[in-house]
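For reference, the structure is listed below as structure tokens.
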Amino acid sequence: MDSYLEALKAYQSFNPAGWVAIYRLMPMWAGIVCCVLGLGLLLFGGGKSAFRAVSGPLGMLIGLGWTGLVLTKLGVAADPRLPSVAAAVLTVLGIIFPPAIIYLGVGIPIGLLGGQIAGPSDFLVGFAPGLILGGLAAAVLHRHVAAIIASMIGGWLLVLGAMAALHQFGGLVSAMASQPWGLIIAAGLFAIAGSVYQIAVRPSPEEEERQHAERQRLKMRQAELKATEKRWSAPRGGK
């Protein structure tokens with residue numbers, strides 16, 4: 001577990017080689033599972049029910065990966081156990097109320113970028129507006145952002161899973177890992193395709209509910225029609 005947590009620290013900074021290197025900790029079966037999960041997220045991850053399953057683990061990763069970083073940037077001395085506590089709280093929050101994780105998942109990196117631009121002495125001045133405005137915009141565009149986030153995670157899981165599943169082809173995998181930008185671009189293309197499919201092709205949750213309600217009404221009308229036909233075709237008394 002410690003090795004995975006150490007590998008996740010690469011995602012706290014701009015470290016493409018470190019982002020890719022996590023595949024080395026994954027056995028082949030885990031790589032295959034990641035490929036399947038990644039494909040599912042690319043196709044269906046932005047849906048209301050599906051994203052609830054995404055937002056829980058995403059909240060855990062936000063808590064583990066960014067709690068200590070944000071507190072350090074703010075100059076706050078944090079207990080080493082605090083990221084684990086934050087991860088547990090955000091996991092539950094993600095399952096119960098996914099928009100909160102969308103708010104943090106978009107707002108925190110934008111806030112970190114704003115704080116980086118403002119500089120160490122004025123980090124809070126840049127961080128707070130980025131967190132608030134970026135998070136609010138993401139929460140308002142919940143459906144679209146959920147599809148994009150799910151597709152980004154799905155594309156990256158698909159790439160990492162393929163790397164882990166191809167461990168037996170050591171030379172090929174090593175050559176691919178030595179070109180992290182190529183893998184990032186591939187994951188990005190998968191994410192774009194998944195986002196376009198989920199936003200532009202798949203019906204919205206409201207449309208799905210309307211279609212479901214229409215199918216239910218059609219079934220009820222058909223059942224009533226059959227019941228009426230059965231009553232009229234039944235033999236009359238005395239005949």
Side-chain angles (χ1 to χ4, degrees), residues 1-16 18-23 25-26 30 33-34 37-38 40-41 45-116 120 123-124 126-142 145-157 160-161 187 191:
M1 185 64 179
D2 291 340
S3 58
Y4 282 102
L5 293 177
E6 189 65 29
L8 285 174
K9 290 182 179 179
Y11 290 86
Q12 295 178 348
S13 60
F14 187 76
N15 183 9
W19 301 344
V20 173
I22 196 172
Y23 85 90
L25 302 176
M26 301 164 59
V33 171
C34 281
L37 289 176
L41 290 177
K48 185 180 295 185
S49 300
F51 190 74
R52 194 177 295 275
V54 175
S55 59
L58 183 58
M60 179 188 68
L61 292 176
I62 290 173
L64 290 174
W66 287 343
T67 301
L69 177 64
V70 170
L71 292 177
T72 300
K73 293 286 188 180
L74 293 173
V76 178
D79 189 303
R81 295 169 295 182
L82 189 56
S84 298
V85 175
V89 172
L90 291 179
T91 299
V92 175
L93 181 62
I95 295 172
I96 296 175
F97 189 58
I101 301 303
I102 288 181
Y103 181 99
L104 294 175
V106 175
I108 289 178
I110 293 178
L112 289 172
L113 178 61
Q116 191 70 23
F123 180 81
L124 182 59
F127 176 77
L131 171 65
I132 295 171
L133 298 178
L136 284 175
V140 170
L141 300 172
H142 174 272
V145 175
I148 293 170
I149 291 176
S151 296
M152 290 173 64
I153 296 173
W156 192 238
L157 284 179
L160 287 182

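- Looking only at side-chain heavy atoms (C-beta outward), L71 and W66 stay at 4.5 Å or farther from each other.
- For the pair A53 and P57, the tightest heavy-atom approach, listed with the atom from each and the gap, is O-CD, 2.9 Å.
- Here the CD1-CD1 distance, from I153 to I148, works out to 12.0 Å after rounding to the nearest 0.5 Å.
- A distance of 12.5 Å separates CG in L69 from CD1 in I62, rounded to the nearest 0.5 Å.
- In this structure, A150 and G45 approach most closely via the heavy-atom pair CB-C, 3.4 Å.
- For the atom pair S55 OG and I96 CD1, the distance stands at 10.0 Å (nearest 0.5 Å).
- The OG1 atom of T72 sits 9.5 Å away from the CZ atom of F123 when rounded to the nearest 0.5 Å.
- Under the 4.5 Å side-chain criterion, counting only non-hydrogen atoms from C-beta, I149 is in contact with V106.
- Using a 4.5 Å heavy-atom threshold, the side chains of F97 and I102 count as separate.
- Between T91 and M60, the shortest heavy-atom distance links the atoms OG1-CB, 3.1 Å.
- Across C34 and G161, no two heavy atoms sit closer than the pair CB-CA, 3.8 Å.
- Remark: L90 CG to I101 CD1 distance equals 5.0 Å, nearest 0.5 Å.
- When all heavy atoms are compared, the tightest approach of F127 to V70 is CZ-CG1, 3.9 Å.
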Decide side-chain contact (heavy atoms from CB on, under 4.5 Å) for I108 and Y103; before the verdict, give the C-alpha distance in whole Å, the side-chain angles of both, and the deciding distance to 0.1 Å.
CA-CA 8 Å; I108 289 178; Y103 181 99; over 6 Å; no
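- Within the 4.5 Å cutoff, no side-chain heavy atoms of L131 are placed close to those of I110.
- Taking each heavy atom of P98 and F51 in turn, the nearest pair found is CB-CD2, 3.9 Å.
- The CG atom of L41 sits 8.0 Å away from atom OG of S151, with the distance rounded to the nearest 0.5 Å.
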